[in-house]
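These figures come from a predicted structure and were not determined experimentally.
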Amino acid sequence: MPCKDTTAQVTVILDEEDCLVTFDFSKLTCQKAVGGGTGFVDLCKGKHIDEVIKLEFSDLVADLGLTGSEEQFLLYLEWDALGAALNQYQGGFSEVDTDRYQIATIAYESDQVEIRQMVSSPKEMPKLIPCRKREAS
């Protein structure tokens, strides 16, 4: 994310059986996608939310073959936000940092549910290493 505004939103679509149809994780101010190139969305499609919530980050890194730190960081953002949204949808508020993750809306249609969640910036951002320094290593 090139700018300092890291406020984001997650939009999750579930089918009538509570299986994941899709989700989108993007910056709120400019709608710029965050992540999306990791393969995480495709891995989760069709899975029941109970199964998605149980996915472990380290297993996902290995399963998706993510070796770069930026890819892993973006996957972490997606994974954490999606898990928080699904946990809150199921009423698991004790497992979620509700100061950072807040459900904005839950809309029920005849054959799907749309969950929108606001994601605040973390209190402390991880250190970023400039590309030229990473390439030199």
Side-chain angles (χ1 to χ4, degrees):
M1 290 182 232
C3 66
K4 292 184 181 195
D5 180 11
T6 59
T7 303
Q9 75 175 358
V10 176
T11 303
V12 180
I13 307 292
L14 304 173
D15 67 15
E16 64 274 4
E17 302 294 322
D18 279 346
C19 293
L20 188 76
V21 174
T22 192
F23 73 93
D24 174 65
F25 184 45
S26 60
K27 287 177 64 175
L28 186 60
T29 52
C30 63
Q31 301 301 315
K32 180 174 174 25
V34 178
T38 62
F40 183 51
V41 174
D42 293 330
L43 183 96
C44 293
K45 283 183 181 176
K47 292 185 188 286
H48 191 272
I49 57 177
D50 291 332
E51 188 177 356
V52 174
I53 289 171
K54 291 178 185 174
L55 293 172
E56 293 290 333
F57 176 72
S58 57
D59 293 339
L60 290 169
V61 170
D63 292 347
L64 296 170
L66 303 179
T67 56
S69 59
E70 186 173 329
E71 290 174 314
Q72 292 176 11
F73 176 68
L74 293 173
L75 172 64
Y76 178 80
L77 293 176
E78 288 181 298
W79 169 79
D80 198 41
L82 178 61
L86 295 176
N87 270 313
Q88 285 182 320
Y89 174 69
Q90 290 189 313
F93 294 99
S94 63
E95 301 166 22
V96 176
D97 178 355
T98 54
D99 290 333
R100 182 154 186 241
Y101 297 104
Q102 297 179 356
I103 295 290
T105 61
I106 298 176
Y108 295 92
E109 301 287 329
S110 61
D111 62 345
Q112 70 180 25
V113 177
E114 179 184 271
I115 305 164
R116 285 190 187 259
Q117 177 188 58
M118 299 300 118
V119 181
S120 299
S121 302
K123 290 179 181 166
E124 191 172 312
M125 293 297 289
K127 285 190 171 191
L128 298 177
I129 301 169
C131 295
R132 65 181 179 276
K133 286 189 178 181
R134 284 191 304 212
E135 291 171 1
S137 310

Between Gln72 (side chain) and Leu66 (backbone), is there a donor-acceptor pair under 3.5 Å? yes
Linking I/L/V/M/F/W/Y whenever their side-chain heavy atoms sit closer than 4.5 Å, directly or via other members, would Leu77 and Val61 fall into one cluster? yes
Only one of Ile106, Leu82, Asp24 passes side chain to side chain contact (heavy atoms under 4.5 Å, CB included) with Val12; say which it is. Leu82
With respect to Leu43, which candidate in Leu60, Val52, Thr38 satisfies the side chain to side chain contact (heavy atoms under 4.5 Å, CB included) definition? Leu60
Would you check if Cys44 and Leu55 make a side-chain contact, meaning some heavy-atom pair closer than 4.5 Å? yes
Got Val41 and Lys45 here, is their nearest side-chain heavy-atom distance under 4.5 Å? yes
Please name all residues satisfying side-chain contact (heavy atoms from CB on, under 4.5 Å) with [X], sequence neighbours left out, ordered by chain then number.
X     : answer
Asp63 : Asp59
Gln90 : Ile49, Asp50, Ile53
Lys54 : none

Considering residues at least two apart in sequence or located in another chain, which fulfil the salt bridge (charged side-chain N to carboxylate O under 4.0 Å, His left out) criterion with Glu51? Lys47
Applying side-chain hydrogen bond (donor to acceptor under 3.5 Å, both in side chains), can you list everything that pairs with Asn87, at least two apart in sequence or on another chain? none
Any salt bridge (charged side-chain N to carboxylate O under 4.0 Å, His left out) pairs touching residues 7-23, not counting sequence neighbours? none
Sequence neighbours excluded - salt bridge (charged side-chain N to carboxylate O under 4.0 Å, His left out) pairs with any residue from residues 82-94: none
Could you name each residue pair satisfying ring pair (Phe, Tyr, Trp, His ring centres under 6.0 Å) that touches residues 44-69, not counting sequence neighbours? Phe57-Tyr76, Phe57-Trp79
Output for pair (Asp42 CG, Leu64 CG), nearest 0.5 Å, gives 9.5 Å
Between OG on residue Ser120 and CG on residue Asp97, distance to nearest 0.5 Å: 8.5 Å
Could you go through Leu74 and Phe25, starting from their C-alpha distance and side-chain angles, then the distance that decides it, and tell me whether this counts as side chain to side chain contact (heavy atoms under 4.5 Å, CB included)? CA-CA 10 Å; Leu74 293 173; Phe25 184 45; over 6 Å; no
Distance-only donor-acceptor hits, side chain of residues 108-118, under 3.5 Å, sequence neighbours excluded:
unit_1, atom_1, unit_2, atom_2, d
Glu114, OE2, Arg116, NE, 3.2
Arg116, NH1, Thr11, OG1, 3.3
Gln117, NE2, Gln88, OE1, 3.0

Please find the pair of heavy atoms, one from Ala81 and one from Val10, that lie closest to each other, and give the distance. CB-CG2, 3.4 Å
